[in-house]
Amino acid sequence: MQPVLTISSFIFLITVILCFVTGSVLLVFSRSKSVNNRWLAGYYLVIGYGFLVAFLLYSGLITVFPWYHTYRTGYIPGFLFMPFSFFYVRSLIQQKRFRPADLIHFIPVIIFIIDFIPFYSRSGSYKLQQAAIDAVRLNTTWSQFSQGWLSIGFIYTPLRILLTMVYWILQVRMIFHLSKVKGDNLIAENRGVMTWAKIFCASQVLFFLPYYLNAVIGNQQNFFFVSVTSTAIGIGITTIALIMQPNILYGLKGVMIRNVKIDPGNYDDYPAASSAEKITGDPGHLKFRLVSIESQTNENNANTEVYLSGQNLTNLGKEVTGHILQQRSYLKKGCTCAALAAEMNVQPYILSAVINQVFKTNFNDFLNGHRIDHAKTLIQNGQAKMLTLEGLSEQCGFNNRNSFTTAFKKHTGQTPSDFIKQGTGFNDLNAAELPN
């Protein structure tokens, strides 16, 4: 099998470059915490590798060292790209993070790798021989994967196509589920993201459609080229859409709040109920009609999912900042998210969502940040002169000196003693109490 570079080969090569460049840029520059764009980066990178193997096969370069060692590795990304796509869409639409239970999605690729470990360890001459045999049937039949030691190679192609379609259906369901989410501003302020999600999923029809058409029509001539080119077209469509609207990488402007029960009989009675909140009087007093599922016992109440708009998030962020600075809630030992939420008359999961989305941190770090700022103020104003480190930590709401020191170093990059020496020029705290 002699290497032959044709127009068809270059189509695959261009797609390889496009995928690798897009995936690398996403991996390096995507910093949004609301959407895990690393899944999208992985999606492009694994597809890029799959196209690289396809290019090597179609051009005949698979016979050249070291490329023949990539033979039969193309289906590894084949089993990975749709799970990556699913996790990305789930992060984009539902704002869910990866959980240990999600590892089940990688069982097919693990089985495939285990099946072909003996083949991957064979010599280059053996792989060349197998590649030459399979090249004769490259465009006339579906891959049979006869080299695996488990003797289940006949299931890989139909399994991959079936899984591709299943993941595609799950993604489409997530997109259409948005229409059932409470919140008038959901569609209005996220039109670009929703359009992107639809384009992203619509382009993936090209990933499995040729296989089903082939099963119906039965024409297997140039099947490999047609199927891979169809996928290349789908990738091209999503890349163009991504370049035209890079802001979609930041995901939904608001936040999805789950595990909520709302009284259907009273829901429409509130003027701002469609955005899951009721604003009473002064904008500084935001009160929510949401009731936690744990405390709700009325069987007539139905579980629902609520969208808190970006504007409401901003307003609540200001409300949280104003309240915590005015009331100095962070100085209370053992202050919890539930306690602070009770002070503000909001549900804890709403407060947690606001802190995560607006301040891009968790509750403990958010609280400790204010405590450390207070400690710095006491030190710089000289109010901490007569305090030991233990006393200073208590004054700032910490339970003990160790937690204070750890938090101080995390937020400032310095220990309290270093901050005192470098920032104020004096060391009036009890030297025995200061950490080295």
Side-chain angles (χ1 to χ4, degrees), residues 31-37 90-99 181-183 185-186 189-190 250-260 272 275-279 283-295 305-377 396-399 403-404 406-412:
R31 303 183 185 277
S32 172
K33 294 184 179 180
S34 58
V35 180
N36 194 342
N37 290 308
R90 190 179 70 175
S91 174
L92 178 72
I93 300 297
Q94 297 184 345
Q95 299 176 328
K96 289 184 178 180
R97 298 181 179 179
F98 187 82
R99 301 159 297 181
V181 176
K182 304 292 184 181
N185 293 330
L186 173 59
E189 70 178 14
N190 296 292
Y250 294 97
L252 300 179
K253 294 183 179 180
V255 60
M256 294 289 184
I257 302 177
R258 297 173 187 83
N259 296 334
V260 171
S275 59
E277 68 178 21
K278 174 175 170 52
I279 303 178
H285 300 283
L286 294 166
K287 296 185 179 181
F288 291 78
R289 279 286 301 163
L290 302 180
V291 182
S292 66
I293 191 171
E294 293 82 7
S295 63
E305 188 174 30
V306 175
Y307 175 76
L308 189 62
S309 71
Q311 184 58 52
N312 289 336
L313 271 177
T314 301
N315 292 339
L316 263 178
K318 295 177 181 178
E319 179 79 1
V320 171
T321 300
H323 176 88
I324 200 169
L325 291 178
Q326 183 179 5
Q327 301 297 324
R328 292 191 171 187
S329 306
Y330 51 86
L331 297 182
K332 300 175 183 177
K333 281 189 177 183
C335 180
T336 63
C337 184
L340 182 58
E343 290 181 13
M344 297 185 63
N345 197 24
V346 301
Q347 293 297 334
Y349 48 80
I350 293 176
L351 178 60
S352 178
V354 171
I355 291 174
N356 290 338
Q357 295 296 318
V358 176
F359 302 103
K360 306 299 181 184
T361 187
N362 58 49
F363 178 79
N364 287 335
D365 284 344
F366 173 75
L367 206 65
N368 286 342
H370 285 283
R371 288 169 171 168
I372 297 305
D373 287 340
H374 183 71
K376 290 164 62 179
T377 300
C396 297
F398 288 95
N399 291 324
S403 61
F404 170 60
T406 300
F408 198 99
K409 189 170 184 178
K410 179 177 182 179
H411 285 269
T412 67

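Counting only distance, with no hydrogens or angles, the side chain of S91 and the backbone of N36 share a donor-acceptor pair below 3.5 Å. Judged by distance alone, the side chain of N356 and the main-chain N or O of S352 form a donor-acceptor pair under 3.5 Å. Side-chain atoms of E189 come within 3.5 Å of backbone atoms of G310 as a donor-acceptor pair (strictly under, hydrogens ignored). Remark: the backbone N or O of K253 is paired with a side-chain donor or acceptor of N190 at under 3.5 angstrom. With hydrogens and angles ignored, the 3.5 Å screen pairs no side-chain donor or acceptor of Q347 with any backbone N or O of A338.
In this structure the side chain of M256 reaches within 4.5 angstrom of the side chain of L186, judged on heavy atoms. Side-chain contact check for V255 versus L313: some heavy-atom pair is nearer than 4.5 Å. Looking at V358 and L316, their side chains never come closer than 4.5 Å, going by heavy atoms from C-beta outward. Contact annotation: the side chain of T412 approaches that of I372 to within less than 4.5 Å [non-hydrogen atoms, C-beta and beyond]. Between F398 and K333 the shortest side-chain heavy-atom distance does not fall below 4.5 Å. Counting only heavy atoms from C-beta outward, the side chains of L367 and R371 approach each other to under 4.5 Å. Side chains of V306 and V181 form no contact here, defined as non-hydrogen atoms less than 4.5 Å apart. Using a 4.5 Å heavy-atom threshold, the side chains of N368 and Y330 count as separate.
In this structure, CD1 on I350 lies 10.5 Å from CG on N312, to the nearest 0.5 angstrom. Taking SG of C337 as the start and CG of L351 as the end, the distance is 4.0 Å to the nearest 0.5 Å. Between atom CD of residue Q327 and atom CG of residue L340 there is a gap of 10.0 Å, rounded to the nearest 0.5 Å. Within the model, atoms OG of S309 and CG of L252 stand 11.5 Å from one another, a figure rounded to the nearest 0.5 Å. Taken to the nearest 0.5 Å, the NE2 atom of H323 stands 4.0 Å off from the CD atom of E343. Here the CZ atom belonging to F408 is positioned 9.0 Å from the SG atom belonging to C396, to the nearest 0.5 angstrom.
Here F366 pairs with F359, H370 under the ring pair (Phe, Tyr, Trp, His ring centres under 6.0 Å) rule; sequence neighbours left out.
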TODO: Under the side chain to side chain contact (heavy atoms under 4.5 Å, CB included) rule, what do T314 and K318 come out as? Steps first, then yes or no, please.
DONE: CA-CA 6 Å; T314 301; K318 295 177 181 178; 4.0 Å; yes
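Considering all non-hydrogen atoms of both residues, A375 and F404 come closest at CB-CE1, 3.8 Å.
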